[in-house]
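Note that the numbering runs from 1 along the sequence shown for the chain. As a basis for the values below, the full set of heavy atoms in this structure was taken, side chains included, without hydrogen atoms, waters or symmetry mates.
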Amino acid sequence: MDKQEVVDEVFHSVAEVAPHISSGLLKRREYVGEENPSDEKQLEADVWANEFLKEEITSLEGVGEFASEEEHEVTDCGEGLSVTVDPLDGSSNIPTNNIVGTIVGIYDEELPCRGKNIVAAFYVVYGPLTSFTIARDGQVDEYVLEESKGDGVELHKASEDIQIPEPYVYGFGGNKHWGSDFERLKEDISDDLKLRYGGAMVGDVNQVLHQGGVFGYPAREDAENGKLRLLFEANPMAYIFETAGGKSSDGDKSILRVKAEELHQRTPVFVGSEESVRKVNERGLSLH
Ligand SMILES: O=P(O)(O)OC[C@H]1O[C@](O)(COP(=O)(O)O)[C@@H](O)[C@@H]1O
Ligand SMILES: [Mg+2]
Ligand SMILES: [Mg+2]
C-alpha cells in the first residue's frame with residue numbers, strides 16, 4: 001500500500017467514527033477519577049473516544065504504530081506509518097457544550113520522532129458543523145460532514161488549497177502564568193489584532209487558519225514547556241499551518257524541528273500567519 005493510500009484510510013476511518021464520537025458525548029460528560037499521562041483529569045468521553053479511535057486505526061493495513069494522548073505507551077500494530085491522536089482536544093469544554101475536536105498526526109517514523117517526519121495531519125471540529133481539515137500532498141483542504149448513513153459518511157469539500165490570510169485574530173492560552181516577556185508580546189499583538197479564544201486548540205487554530213493571525217500557548221512561569229503536547233497537538237497543527245503558507249514556532253524555530261525525546265513531552269506552541277509568528281520569534285521566547 002502506498003503512503004497516501006494509508007493516509008486516505010486513516011482519514012476515512014476517523015471520518016466514519018466522528019458522528020458517533022460527537023453524538024456519544026451527551027452521556028459521557030463526567031470525570032472518571034483517573035488521570036492521563038500528562039496528569040490531567042480524564043472525562044469519560046476522553047477514555048471512550050480513545051478506545052473507539054484506537055480500535056479503528058490499529059486495525060488498518062499500513063498502520064504500524066498507534067499512540068494517544070490518553071495512553072502511556074505506543075501500541076505496535078504491524079508494519080507501516082505511525083499514527084498519533086488527541087482523541088478529544090479541548091475536553092474541558094464538553095461539560096459546557098463548547099467546541100471540541102480530534103487531532104491526528106501521521107508520521108513516517110517510529111514514535112517518538114520529530115515533526116519533520118509527518119506525511120499528513122488533520123483535525124476534526126465538532127462544532128455547529130463537523131468539519132475535517134487535512135494537510136497532505138502539499139495542500140490543505142477542508143471537508144464538512146454532509147450526511148451520516150448507516151454504513152458510511154458523505155463529505156462535502158468546503159475549501160480547497162487553504163492559504164492562511166493576513167493577520168486578523170489572536171488567541172493565547174495560559175494567561176494566569178505568563179512571564180513578563182510574553183506579556184509584552186501580547187500587548188503588541190493585541191494592539192493590532194482582535195482577541196478570539198475559546199479554550200480548545202482545534203477551535204482556536206481553526207479560526208486563525210481561516211481568518212489569519214496567531215494562536216499560541218507559551219511557556220509558563222510554572223511550566224517552562226507550556227501545556228500542549230509536541231506529538232499529539234503541536235506537530236500536526238504546525239504541519240497544517242506550514243502547508244497552508246503560515247508558520248509555526250516554539251518561540252524561536254519551527255515546531256517541526258523540535259527534538260522529540262519523550263512521547264508525552266510538551267512544548268510552547270505558536271501557529272499562524274507568517275508576519276505574526278515572525279513577531280513571536282523576534283522576541284526570542286524559547287526556553288529550550
Ligand atoms: O485552559 P487553558 O489553560 O486555556 O488551556 C487550553 C488548552 O488546553 C487544551 O484543552 C489541551 O488539550 P486537551 O483537552 O486535549 O487536554 C487545548 O485544547 C487548549 O488550547
Ligand atoms: Mg488537546
Ligand atoms: Mg485531549
For Val63 and Leu81: C-alpha separation, side-chain torsions, deciding distance, then whether side-chain contact (heavy atoms from CB on, under 4.5 Å) applies.
CA-CA 5 Å; Val63 174; Leu81 300 178; 5.8 Å; no
Before giving the answer on side-chain contact (heavy atoms from CB on, under 4.5 Å), spell out for Ser254 and Lys116 the whole-Å C-alpha distance, their side-chain angles and the decisive distance to 0.1 Å.
CA-CA 10 Å; Ser254 164; Lys116 71 178 178 56; over 6 Å; no
With the threshold set at 4.0 Å, does a side-chain nitrogen-carboxylate oxygen contact exist between [X] and [Y]?
| X | Y | value |
| --- | --- | --- |
| Lys279 | Asp188 | no |
| Glu224 | Arg220 | no |
| Arg136 | Asp8 | yes |
| Glu69 | Arg266 | no |

Are the side chain of [X] and the backbone N or O of [Y] linked by a donor-acceptor pair below 3.5 Å?
| X | Y | answer |
| --- | --- | --- |
| Asp161 | Gln139 | no |
| Glu5 | Asp2 | yes |
| His20 | Phe52 | no |
| Ser248 | Ile255 | yes |
| Tyr107 | Leu231 | yes |
| Gln207 | Asp204 | no |
| Trp48 | Ile21 | no |
| Thr58 | Lys54 | yes |
| Ser68 | Glu70 | yes |
| Thr243 | Tyr239 | yes |

After noting the C-alpha distance and the side-chain angles of Leu53 and Thr102, does the key distance pass the side-chain contact (heavy atoms from CB on, under 4.5 Å) rule?
CA-CA 10 Å; Leu53 289 164; Thr102 296; 4.0 Å; yes
Please check if the number of heavy atoms outside [X] that lie under 6.0 Å from its [atom1] is greater than 12.
| X | atom1 | result |
| --- | --- | --- |
| Glu55 | CD | no |
| Glu61 | CD | no |
| Glu146 | CD | yes |
| Glu73 | CD | no |
| Glu30 | CD | no |

Phe122 and Phe11: aromatic ring centres closer than 6.0 Å?
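Under 6.0 Å, so yes.
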Tell me if the aromatic rings of Tyr170 and Tyr197 count as close, with their centers under 6.0 Å from one another.
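No, too far apart.
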Does [X] belong to the same Ile/Leu/Val/Met/Phe/Trp/Tyr cluster as [Y], with side-chain heavy atoms less than 4.5 Å apart forming each link?
| X | Y | result |
| --- | --- | --- |
| Val205 | Leu195 | yes |
| Leu111 | Val7 | no |
| Ile134 | Ile118 | no |
| Val104 | Val100 | yes |
| Leu228 | Trp178 | yes |

Donor-acceptor side-chain pairing of [X] and [Y] below 3.5 angstrom:
| X | Y | result |
| --- | --- | --- |
| Tyr123 | Asn206 | yes |
| Thr267 | Asp250 | no |
| Asn225 | Gln265 | no |

Point-to-point distance, once rounded to the nearest 0.5 Å, from [atom1] of [X] to [atom2] of [Y]:
| X | Y | atom1 | atom2 | result |
| --- | --- | --- | --- | --- |
| Tyr31 | Ser92 | OH | OG | 5.5 Å |
| Phe66 | Glu56 | CZ | CD | 11.0 Å |
| Asn97 | Tyr126 | CG | OH | 14.5 Å |
| Glu9 | Gln4 | CD | CD | 12.5 Å |
| Asn281 | Arg278 | CG | CZ | 9.5 Å |
| Glu282 | Asp252 | CD | CG | 12.5 Å |

Taking all atoms of both residues into account, what is the closest heavy-atom pair of [X] and [Y], and its distance?
| X | Y | answer |
| --- | --- | --- |
| His210 | Ser159 | CE1-OG, 4.3 Å |
| Glu166 | Glu275 | OE1-OE1, 3.7 Å |
| Leu43 | Ser91 | CD1-O, 3.2 Å |
| Ala15 | Val153 | O-CG1, 3.6 Å |
| Ile99 | Pro128 | CD1-CD, 4.4 Å |
| Asp46 | Pro87 | O-CB, 4.3 Å |

Which of parallel (below 30°), tilted (30 to 60°) and perpendicular (above 60°) describes Phe182 and Phe172?
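If you compare the ring of Phe182 with that of Phe172, the planes turn out perpendicular.
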Does the side chain of [Y] come within less than 4.5 Å of [X]'s, by heavy atoms?
| X | Y | result |
| --- | --- | --- |
| Gln211 | Pro167 | no |
| Val85 | Ile103 | no |
| Ile57 | Ser13 | yes |
| Glu142 | Ile162 | yes |
| Phe132 | Leu145 | yes |
| Glu44 | Arg29 | no |
| Thr133 | Val140 | yes |
| Val269 | Met201 | yes |

Under the side chain to side chain donor-acceptor pair (under 3.5 Å) test, which residues partner Asp137, sequence neighbours left out?
none
Is there any salt bridge (charged side-chain N to carboxylate O under 4.0 Å, His left out) pair reaching into residues 231-242, and which pairs are they, with sequence neighbours excluded?
Arg229-Glu233
Between Leu193 and Val169, does the side-chain contact (heavy atoms from CB on, under 4.5 Å) criterion hold? Intermediate values first, please.
CA-CA 5 Å; Leu193 306 184; Val169 296; 5.8 Å; no
Who are the side-chain contact (heavy atoms from CB on, under 4.5 Å) partners of Lys157, not counting sequence neighbours?
Asp141, Tyr143, Glu160
